[in-house]
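Here the structure is laid out as structure tokens; the discussion comes afterwards.
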Amino acid sequence: MTTNENKFQQIISHAKEYGFVFQSSEIYDGLSAVYDYGPYGSELKKNIRDYWWKSMTQMNENIVGIDAAIFMHPLTWKASGHVDNFSDPMIDNRDSNKRYRVDHLIEGLADKLKEEGKTQEAESLLAEMDRLLVAEDYAALKELIVTNKIVCATGGTSNWTDVRQFNLMFSTEIGSVAEEADKIYLRPETAQGIFVNFLNVQKTARMKIPFGIAQTGKAFRNEIVARQFIFRMREFEQMEMQFFIRPGTQKEWYEHWKETRLQWHLSLGVPREKYRYHDHVKLAHYADAALDIEYEFPFGFKEVEGIHSRTDFDLKNHQLLSGKKLQYFDNEINQNYIPYVIETSIGLDRMFLLILSESYEEETLTKEDGSTDTRALLRIPAKIAPIKLAILPLTKKDGLPEIARQVMDECKNYFRCFYEEKDTIGKRYRRMDAIGTPFCITIDHQTKEDQTVTIRYRDTMQQERIPVSKVKEIVLNNIM
RNA sequence: GCGGAAGUAGCUCAAUUGGUAGAGCGAUAGCCUUCCAAGCUAUAGGUCGCGAGUUCGAGACUCGUCUUCCGCUCCA
């Protein structure tokens, strides 16, 4: 437990030291739960995103992608349930540190009054509460709790904080003139951009059910607790796919995607035992089945991806609020219906952290003279590594850099390369290990005579002599 | 949001009972014909998280504030 805790700290330090992840606005003391990706981090993140995108769209003829805007019509979030379900006023008890939804607290008292036969008193209490909730009069709501002597169920005291609004969605204004400005939200999930475009996509790409729409993009949530590095962020990136199906077939498609998505994870070389499924017992308002794919992070098994059977909840509500028919005519059964949906939703930042956690290693090496040395390395799968190939002239004279530059020019159109002629060769190898570069080639004096170079493998530290003309091909074979 | 701990160079840490900051590693430039981080030389880099207060004088003491870490609470 403690060693894992240390390992997590080491990963965080390593991520900063080698240009993967920085805290946002660090020179101003940082911004809580917001992080920036550095030179190698942004490459890795992009590679993970591309790998997901390709596996969804390129590898499945019935899945297409979109890129919907972050801003959406405010009614979108009314339809999705985000406005009503996730923006309740809350109050804390200072003694027990318990947090309550204000309406639950007052409704609790009303129920008690009804049991005591004071029905009229209960009704007027609830009416007053509703009036204040609509008016967003938080001071009066607190007053209502205090005057009715509502106490904390745990501590039994009435030492309450002020009533506060915990809206998990970020809001801003649209419209350049203040008076015309209208409240608008930053999307808390990318899914709704897919749902509102369901008909556009289905018609223009001539999709037939079952089919999927994939999207990657930023989403924003005002998390109550922001901690655990990039695991929980206020601004994060999702990779989602909504799969539209005939009602009644949700069970089999749910199973299909449950299995398919786990296989995707395993394709990155992560052992099966580091994953587990976690079925949701308490389902969200939109789902009839849901599970998480969890990975064993250094701080325990945590959700990386969710598979949700969302029924027709979203399309049905958008149809209701927009007044537009969001239906599909199924020729096979000669029927019109609102499709059911299976969602796969994975956090890109969590996947990034997963890759770091899985690939980070501090290895102890025994040298020829018997002394020991440590090497910090990232065993990132070659296909998503930030840098694929390092090109290193053994010395920076005798024409070696010139040959190295030729190799560089030949390879850099195909994959990301890194050229380095400074410091001892050992030091350069270790630097490449630290950022997860799978292959290094070294140009030496022998290269001038027989056109061969040394290729050195990150994971084994093994080296072998290969023709310089084979370099590009070898790397390409390993990253495709 | 509550409670506890911490905050000195990119990193890890020093600075005698308060007397206006140092080292190692790293980085940068160069030397050494150098295949697994420890050879040599030089250089850069800090208003000691920020703001007040006590004091002749504060990195060290007091208060506030911000951030981070640990626990509790919450989570679509």
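Quick caveat, the model's predicted, so the values are computed rather than measured. Just so it is clear: chains get the letters A, B, ... in the order the sequence lines come, proteins before strands, and each one is counted from 1.
- RNA chain B lies under 4.0 Å from no heavy atom of any residue of residues 300-311 of chain A.
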Secondary-structure string, 5' to 3', Watson-Crick or G-U under 3.5 Å, | for another-strand partners, for RNA chain B: (((((((..((((.....[..)))).(((((.......))))).....(((((..]....))))))))))))....

Reading nucleotides 23-30 of chain B 5' to 3', which nucleotides get B (base under 4.0 Å from a protein heavy atom), which S (sugar-phosphate only), which -? ---SSSS-

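- Comparing U28(B) with A9(B), their C1' atoms are spaced 15 Å from each other, to the whole Å.
- Atom name P, nucleotides C25(B) and A42(B): the rounded distance is 14 Å, in whole Å.
- Rounded to the nearest Å, the gap between the C1' atom of G59(B) and that of U20(B) is 10 Å.
- Within a heavy-atom distance below 4.0 Å of RNA chain B, the residues of residues 451-468 of chain A found are Thr454(A), Arg456(A), Met461(A), Gln463(A), Arg465(A).
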Side-chain donor-acceptor distances from residues 291-299 of chain A under 3.5 Å, at least two apart:
from: Asp292(A); atom 1: OD1; to: His280(A); atom 2: NE2; distance (Å): 2.8
from: Asp292(A); atom 1: OD2; to: His280(A); atom 2: NE2; distance (Å): 3.0
from: Glu294(A); atom 1: OE1; to: Arg276(A); atom 2: NE; distance (Å): 2.8
from: Glu294(A); atom 1: OE1; to: Arg276(A); atom 2: NH2; distance (Å): 3.1
from: Tyr295(A); atom 1: OH; to: Glu358(A); atom 2: OE1; distance (Å): 2.5

Please write out each protein N/O paired with an N/O of nucleotides 44-51 of chain B under 3.5 Å, distance rounded to 0.1 Å.
none

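- A close approach under 4.0 Å does occur between a side-chain nitrogen or oxygen of Lys16(A) and OP1 or OP2 of C11(B).
- Thr374(A) comes within 4.0 angstrom of a nucleotide base, judged by non-hydrogen atoms across all strands.
- Rounded to the nearest Å, the gap between the P atom of C74(B) and that of A15(B) is 43 Å.
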